[in-house]
Asks: 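Here it is, the structure in full.
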Amino acid sequence: MATFQSLPGFRDFYPEDLAKRTHIFRLWRQTAAAFGFAEYDTPVLEPLDLYRAKSGDEIEAQLFSFADKGGREVALRPEMTPSVCRLVGARANALKRPIKWFSIAEFYRYERMQKGRGRCFHQFNADIFGEAGPEAEIELIALLVECMRVFGLTEKDFFVRLSDRNLWFHYLGSLGLDEPRIRALLGAVDKHERGGDDAFKPYEEAFGAIPADLKAKVLAFQSIRSFAQLEAALGAAAASAELAQRLAQWRTLLGGLEAMGLAGFVQVDLGVVRGLAYYTGFVFEAFDRKGELRALAGGGRYDDLVGRLGGTPLPAVGFAIGEMTFALLLEERGLSPAVVQAADIYCVIGSAAERRAAFADIRRLRALGYRVEYPMRELAFGKQFKAAADSGARLALIYGAEELARGMVKVRDMAERSERDVPAAGVGDAVRGLFEAH
RNA sequence: GCGGUCAUAGCUCAGUUGGUUAGAGCACAAGAUUGUGGAUCUUGGGGUCGCGGGUUCGAGUCCCGUUGGCCGCCCCA
């Protein structure tokens, strides 16, 4: 038993575990690149004030924060948004727009562990800055869906719930409510799905008992599940110029998503508001269809945040996919890669005398990019062929005394169990020919 | 921060009302096998029974504490 173990909530990645994670990251990178997003990274350690400025003091309870040796208050990053806002805000006037960026990074939150949640985890983050219209949402939601679809997940496995905090503000405003009341009600909507009517308690503690008709309207609005229902619910209020414009943006967004072939993945759902106060418009969350896991991804528009963090104000929309829950979903659906990276070539070596010739070829073959393995100790041929089979190599190269005496190396195709001699001086060309033939 | 539950080999687990030196399968390693394969057989290494204390002639087993895992609440950027 080891004396030391990893800290609570932190995971070790043995090679087979890391292979799965790396596979996920690789497909995310490929997908983001296909969408024209550029990858960036930022420091893991940031000034504590960066998060205070964005989220307020209460956030500190959930941060790995401390004073460094220079007395600076610092924190391990719990999310990417403030950092990327700083980068973009600092060079806003020099960056070509729209700014489409993504990152894959590790985050730290001092929280209690749960299924799909640890104190340290990775997220794929993608954001678009400088585009105020719903075209940015189309592009991002398309990217989000594709980041899951490339693994073989379908609309039977997951879906994206789409909502609009902006519309909620307009609607509740049209009912005569002020901003504090609206924010409190959005908090209630956010909790209602899990907590039931208890979700209204904080509102009632602050503003008194909620009128029955208001509560009914809120619950009805939150249960909207289609654009037609949405238009009907707004009724006469939709005649106002502001709301008419907002509904036009909805049509652009839904039309664009449909044209991208994503209608089956997207569900209008006004029950999603997201807990964060800084979201200003469309918000969306991805879930598994069975509803067994926590949210797979979440995002939305945050047009005020870049400016609030001290940069040049820029409209922005972004989302993040958490690696832990996503990996659980892949595992459940049998889509997690079982691949252990196989060798291309295994060299079977007779004895110390043949080892010299083998080593020269091994170096050359590796320089050509082949994954080459060989036994580190002298082993019986039987063992070596077993090792060759275990390694998954397509070819075995046999450096035996007999062959080398004839100036030859024997090449064995492991799958076909066929062998042939090739000139020892031309092993590289022979191997290349065999691999390219497939 | 709160609650439930669990902890025996790298993994999955067995271990009788408390009783000799804690077992199995898989995995790993060696041999059978001095030039040809994922098999088989034999053998081997590997355990502070999570940790600490208590009860007892005797604790993997019972009691208390603690640490950690899992599940849920709070939170979820």
Side-chain angles (χ1 to χ4, degrees), chain A residues 1-12 14-17 46 50-56 58-63 75-85 105 107-119 121 123 125 127 187 190-191 193-195 198-199 202 274-279 283 285 292-300 302 305 309 318-320 322 324-325 328 342 346 348-351 354 377-404 410-419:
Chain A
M1 184 62 68
T3 307
F4 295 106
Q5 43 186 290
S6 63
L7 290 165
F10 287 74
R11 297 172 295 165
D12 290 318
Y14 283 83
E16 58 271 28
D17 304 320
E46 292 274 17
L50 181 63
Y51 305 110
R52 283 207 190 103
K54 185 205 159 211
S55 308
E58 66 280 3
I59 200 73
E60 282 188 58
Q62 315 262 348
L63 289 176
L76 292 169
R77 63 183 173 198
E79 58 168 325
M80 192 50 103
T81 304
S83 301
V84 71
C85 284
F107 302 96
Y108 305 85
R109 297 179 188 175
Y110 199 87
E111 291 188 288
R112 191 69 175 168
M113 290 182 58
Q114 249 175 79
K115 187 175 189 180
R117 189 171 81 181
R119 287 181 170 179
F121 55 93
Q123 280 186 348
N125 274 261
D127 296 270
D190 189 41
K191 304 236 183 319
E193 196 161 297
R194 307 179 70 157
D198 283 354
R274 298 194 49 85
L276 293 169
Y278 68 78
Y279 283 116
V283 291
E285 292 185 331
E292 292 170 345
L293 303 169
R294 58 177 55 247
L296 294 162
Y302 50 98
L305 199 53
L309 292 175
F319 73 86
M324 274 181 129
T325 301
L328 283 174
Y346 191 96
V348 173
I349 302 169
S351 66
E354 289 78 41
R377 290 177 299 159
E378 275 191 49
L379 285 177
F381 271 54
K383 286 259 193 235
Q384 294 196 50
F385 279 102
K386 184 165 160 28
D390 285 342
S391 77
R394 287 239 308 267
L395 298 180
L397 300 184
I398 299 146
Y399 292 85
E402 287 173 18
E403 289 84 354
L404 289 176
K410 194 173 282 176
V411 179
R412 179 178 178 85
D413 185 304
M414 294 298 287
E416 294 176 5
R417 294 171 182 251
S418 61
E419 292 180 352

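Residue numbers begin at 1 in each chain, while the letters A, B, ... track the order of the sequences.
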Asks: Rounding to an integer number of Å, can you tell me how far A/Leu296 CG sits from B/A77 P?
Replies: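 In whole Å, B/A77 P and A/Leu296 CG are 14 Å from each other.
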Asks: Between B/G72, B/G37, B/G35, which nucleotide gets closest to the side-chain atoms of A/Met414?
Replies: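 Of the options given, the side chain of A/Met414 lies nearest B/G37.
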Asks: More 5' along RNA chain B: A/Glu402 or A/Pro78, using each one's nearest nucleotide?
Replies: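 The answer here is A/Glu402.
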Asks: Name the closest nucleotide to the A/Lys386 side chain, picking from B/C73, B/A77, B/G38.
Replies: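 Among B/C73, B/A77, B/G38, the one nearest the side chain of A/Lys386 is B/G38.
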Asks: Looking only at atom C1', what distance separates B/U61 and B/G50, rounded to whole Å?
Replies: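 These two C1' atoms come out 16 Å apart once rounded.
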Asks: Quick check on A/Arg112: does its CZ atom have over 12 non-hydrogen neighbours (other residues, nucleotides or ligands) under 6.0 Å away?
Replies: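 Atom CZ in A/Arg112 is not crowded, with 12 or fewer foreign heavy atoms closer than 6.0 Å.
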Asks: Is there, by distance only and without an angle test, a donor paired with an acceptor across the side chain of A/Glu419 and the base of B/U36 below 3.5 Å?
Replies: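 Donor-acceptor pair under 3.5 Å: yes.
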Asks: Students often get this wrong, so: under 4.0 angstrom with heavy atoms, is A/Ala387 touching a base, only sugar-phosphate, or nothing?
Replies: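 Nothing, no nucleic acid heavy atom in range.
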Asks: Cation over ring, A/Arg119 on A/Tyr110, under 6.0 Å and within 45°?
Replies: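 Relative to the ring axis of A/Tyr110, which defines the angle, A/Arg119 lies inside both limits.
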Asks: Under 4.0 Å between a side-chain nitrogen and a carboxylate oxygen: does that hold for A/Glu46 and A/Arg77?
Replies: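 A/Arg77 and A/Glu46: not salt-bridged.
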Asks: With rounding to the nearest 0.5 Å, note down the distance linking SG in A/Cys85 to CG in A/Leu309.
Replies: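 One finds 5.5 Å between SG of A/Cys85 and CG of A/Leu309.
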Asks: How does RNA chain B look in dot-bracket notation if pairs are Watson-Crick or G-U with both distances under 3.5 Å, crossing ones as [ ], other-strand ones as |?
Replies: (((((((..((((.....[...)))).(((((.......))))).....(((((..]....))))))))))))....
Asks: Can you check the distance between B/G46 and B/G23, where both ends of the measurement are the C1' atom (answer in whole Å)?
Replies: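 Going atom to atom, C1' in each nucleotide, I get 14 Å.
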Asks: Roughly, in whole Å, what's the span from CZ in A/Arg394 to C1' in B/G37?
Replies: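 Rounded to whole Å, this separation is 17 Å.
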Asks: CG of A/Leu397 versus P of B/U36: gap in Å, rounded?
Replies: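 Atom CG in A/Leu397 sits about 18 Å away from atom P in B/U36.
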Asks: Between B/G52 and B/A59, how far apart are the two C1' atoms, rounded to whole Å?
Replies: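 Rounded to whole Å, the distance is 15 Å.
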Asks: Looking at the base of B/A77, is there any donor atom on it, or on the side chain of A/Arg274, that sits under 3.5 Å from an acceptor on the other one?
Replies: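 Checked by distance alone, the answer is no.
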Asks: Determine whether any donor atom in the side chain of A/Gln62 lies under 3.5 Å from an acceptor atom in the base of B/G1, or the reverse, and answer yes or no.
Replies: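 It does not, because no donor-acceptor pair links the side chain of A/Gln62 to the base of B/G1 below 3.5 Å.
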Asks: Say you pick atom P in B/G38 and the same atom in B/U34; how far apart are they, in whole Å?
Replies: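 Rounded to whole Å, the distance is 15 Å.
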Asks: For A/Gln384, report the nucleic acid contact type (base, sugar-phosphate, nothing); a contact means any heavy atom under 4.0 Å.
Replies: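 Nothing, no nucleic acid heavy atom in range.
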Asks: Could you walk me through whether A/Tyr346 and A/Leu397 pass the side-chain contact (heavy atoms from CB on, under 4.5 Å) check?
Replies: CA-CA 6 Å; A/Tyr346 191 96; A/Leu397 300 184; over 6 Å; no
Asks: Given atom CD1 of A/Ile398 and atom C1' of B/U36, what is their separation to the nearest angstrom?
Replies: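 Nearest whole value for this atom pair: 7 Å.
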Asks: Under 30°, 30 to 60°, or over 60°: which ring-plane class applies to A/Phe107 and A/Phe121, parallel, tilted or perpendicular?
Replies: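 Because their plane-to-plane angle lies in the 30° to 60° range, the rings of A/Phe107 and A/Phe121 count as tilted.
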Asks: Once you round it to whole Å, what is the distance between P of B/G10 and CG of A/Asp17?
Replies: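 Rounded to whole Å, this separation is 16 Å.
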Asks: What is the nucleic acid contact for A/Lys410, judged by heavy atoms within less than 4.0 Å: base, sugar-phosphate only, or nothing?
Replies: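 Base, at least one base heavy atom under 4.0 Å.
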Asks: So A/Glu285, base contact, sugar-phosphate only, or nothing? Heavy-atom distance under 4.0 Å.
Replies: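 A/Glu285: no heavy atom of the nucleic acid under 4.0 Å.
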Asks: Between the base of B/U36 and the side chain of A/Arg412, is there any donor-acceptor pair under 3.5 Å?
Replies: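 Result: at least one qualifying N/O pair found.
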Asks: What is the distance from CE of A/Met113 to P of B/G72, rounded to the nearest Å?
Replies: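 So the CE-P distance, A/Met113 to B/G72, works out to 12 Å.
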Asks: With sugar-phosphate meaning primed atoms plus P, OP1 and OP2, does A/Tyr278 contact a base, only sugar-phosphate, or nothing at under 4.0 Å between heavy atoms?
Replies: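 Since only primed, P, OP1 and OP2 atoms lie under 4.0 Å of A/Tyr278, the category is sugar-phosphate.
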Asks: Heavy atoms only: give me the nearest A/Asp17-A/Asp12 pair and the separation to one decimal.
Replies: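 Answer, listing the atom of A/Asp17 first, then A/Asp12: OD2-O, 4.2 Å.
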Asks: Let's see if you can work this out: which of B/C76, B/A77, B/C71 has an atom nearest to the side-chain heavy atoms of A/Lys115?
Replies: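 Closest of the options to the side chain of A/Lys115: B/C71.
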Asks: Return the value, rounded to whole Å, for the distance between atom CZ of A/Arg119 and atom P of B/C76.
Replies: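 Atom CZ in A/Arg119 sits about 17 Å away from atom P in B/C76.
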Asks: In Å and rounded to the nearest 0.5 Å, what is the CD to CD1 distance from A/Glu378 to A/Ile349?
Replies: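 A/Glu378 CD to A/Ile349 CD1: 9.5 Å, rounded to 0.5 Å.
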Asks: Grab the N/O contacts between the protein and nucleotides 2-4 of chain B below 3.5 Å, and write none if there aren't any.
Replies:
unit_1 : atom_1 : unit_2   : atom_2 : d
B/C2   : N4     : A/Arg112 : NE     : 3.4

Asks: Would you measure the distance from the C1' atom in B/G72 across to the matching atom in B/U16 and give it in whole Å?
Replies: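 Those two atoms are separated by 35 Å.
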Asks: Go through the steps to decide whether A/Arg417 and A/Asp413 satisfy the test salt bridge (Lys or Arg N to Asp or Glu O under 4.0 Å), and finish with yes or no.
Replies: CA-CA 5 Å; A/Arg417 294 171 182 251; A/Asp413 185 304; over 6 Å; no
Asks: Show, in sequence, the C-alpha distance, side-chain angles and deciding distance for A/Glu79 and A/Arg109, and conclude whether the side-chain contact (heavy atoms from CB on, under 4.5 Å) test is met.
Replies: CA-CA 9 Å; A/Glu79 58 168 325; A/Arg109 297 179 188 175; 4.1 Å; yes
Asks: Which distance, rounded to the nearest 0.5 Å, do you find between the NZ of A/Lys115 and the CZ of A/Arg117?
Replies: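 So the NZ of A/Lys115 and the CZ of A/Arg117 are separated by 14.0 Å.
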Asks: To the nearest 0.5 Å, what is the distance between CD1 (A/Ile398) and CD (A/Glu354)?
Replies: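 Interatomic distance, A/Ile398 CD1 to A/Glu354 CD, rounded to 0.5 Å: 12.5 Å.
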Asks: NA contact type, A/Gly118, heavy-atom cut-off 4.0 Å: base, sugar-phosphate, or nothing?
Replies: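 It contacts nothing in the nucleic acid.
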Asks: What's the closest nucleotide to the side chain of A/Arg117 if the choices are B/C75, B/G37, B/A77?
Replies: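 In terms of side-chain proximity for A/Arg117, the closest of B/C75, B/G37, B/A77 is B/C75.
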Asks: I want to check something: taking the side chain as every heavy atom from C-beta on, are A/Phe319 and A/Asp127 in contact at a cut-off of under 4.5 Å?
Replies: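 Of all side-chain heavy-atom pairs linking A/Asp127 with A/Phe319, none is under 4.5 Å.
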Asks: Kindly compute the distance separating OG (A/Ser351) from CG (A/Leu379), expressed to the nearest 0.5 Å.
Replies: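 Output value for this atom pair is 12.5 Å.
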Asks: Got a list of protein N/O to nucleotides 27-34 of chain B N/O distances below 3.5 Å?
Replies:
unit_1 : atom_1 : unit_2   : atom_2 : d
B/A30  : OP1    : A/Arg377 : NH2    : 2.9

Asks: Distance check, C1' atoms only: B/G65 and B/C11, in whole angstrom units.
Replies: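 That atom pair is separated by 30 Å.
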Asks: Compare the minimum distances between each of B/G68, B/C76, B/G37 and the side chain of A/Pro8, then state the nucleotide with the smallest one.
Replies: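 Closest of the options to the side chain of A/Pro8: B/G68.
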Asks: Looking only at atom types and distance, does a side-chain atom of A/Ser391 sit under 3.5 Å from a main-chain N or O of A/Ala388, one as donor and one as acceptor?
Replies: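 Yes, the answer is positive, given that a donor and an acceptor are paired below the 3.5 Å cut-off.
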Asks: Quantified in whole Å, what is the P atom distance between nucleotide B/C73 and nucleotide B/A14?
Replies: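 After rounding to an integer number of Å, I get 29 Å for this pair.
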Asks: Suppose you measure atom C1' in B/C49 against the same atom in B/U43; what distance do you get, rounded to whole Å?
Replies: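 Comparing C1' positions in B/C49 and B/U43 gives a spacing of 26 Å.
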Asks: How many whole angstroms separate atom OH of A/Tyr346 from atom P of B/G38?
Replies: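 So the OH-P distance, A/Tyr346 to B/G38, works out to 14 Å.
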